[in-house]
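Below is one structure, written out as structure tokens; the observations come after it.
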Amino acid sequence: MFGFVIIELEVFNQKILEEYKKLAPDIIKAFNGKLIVRGGQKIALEGNWNPERLIIIQFPSFETAKAWYDSEMYKEASIYRNKAAKTRMIIVEGV
């Protein structure tokens with residue numbers, strides 16, 4: 001089963017977020033991850049959930065997704081994300 005990281009961002013500093021966006025793809029690739037969704041058009045179908053920015057990353061397994069998040073490489077990059085956006089993030093196991 002795959003591990004999916006689902007991230008909701010509310011960006012308040014786009015300039016700092018650009019630094020994070022420069023680092024993140026290589027770190028994702030280092031853990032055999034694949035960006036599935038990164039921004040793009042969206043529409044709320046039910047309820048009032050309307051994230052400003054949504055990212056979904058697929059990893060080979062739940063454990064790999066957790067290892068990516070816990071890695072020193074990602075911790076260093078996430079400093080920029082934390083300075084640039086309010087974040088909600090989960091890892092979900094799926095097919």
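- Nearest heavy-atom pair, V5 versus M89, reported as atom, atom and distance to 0.1 Å: CG1-CG, 3.8 Å.
- Taken from CZ in R81 to CD1 in I55, the straight-line distance is 9.0 Å, to the nearest 0.5 Å.
- Contact annotation: the side chain of F2 never approaches that of S61 to less than 4.5 Å [non-hydrogen atoms, C-beta and beyond].
- Nearest heavy atoms, V11 versus A85: CA-CB, 3.9 Å.
- Atom CD1 of residue I7 and atom CG of residue L54 lie 8.5 Å apart, to the nearest 0.5 angstrom.
- Here the CZ-CD distance, from F59 to E93, works out to 14.5 Å after rounding to the nearest 0.5 Å.
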Practice prompt. Apply side chain to side chain contact (heavy atoms under 4.5 Å, CB included) to the pair I6 and V92, showing each step before the final yes or no.
Written response: CA-CA 8 Å; I6 302 171; V92 179; 4.0 Å; yes
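- Within the 4.5 Å cutoff, side-chain heavy atoms of I28 are placed close to those of L35.
- Across W49 and A44, no two heavy atoms sit closer than the pair O-CB, 3.4 Å.
- Exactly one residue among V95, I90, I56, I57 makes a side-chain contact (heavy atoms from CB on, under 4.5 Å) with F4. That residue is I56.
- Under a cut-off of 6.0 angstrom, the local environment of OH in Y20 is crowded, with over 12 non-hydrogen atoms contributed by other residues, nucleotides or ligands.
- Between atom CG of residue L23 and atom OH of residue Y80 there is a gap of 6.5 Å, rounded to the nearest 0.5 Å.
- The side-chain contact (heavy atoms from CB on, under 4.5 Å) test applied to N13 returns K15, I16, A84, not counting sequence neighbours.
- In K42, the NZ atom is crowded: over 12 heavy atoms of neighbouring residues, nucleotides or ligands sit closer than 6.0 Å.
- Between E18 and K21 there is a salt bridge, since at least one side-chain N of the basic residue sits less than 4.0 Å from a carboxylate O of the acidic one.
- Here CD1 of I91 is found 9.5 Å from CD of E63. Values are rounded to the nearest 0.5 Å.
- Taken from CH2 in W68 to OH in Y74, the straight-line distance is 4.0 Å, to the nearest 0.5 Å.
- Counting only heavy atoms from C-beta outward, the side chains of L17 and E19 never approach each other to under 4.5 Å.
- Minimum interatomic distance between R53 and G39 (heavy atoms only, all atoms of both residues): NH1-CA, 4.1 Å.
- Closest of all the heavy-atom pairs between A30 and M73 is CB-CE, 3.8 Å.
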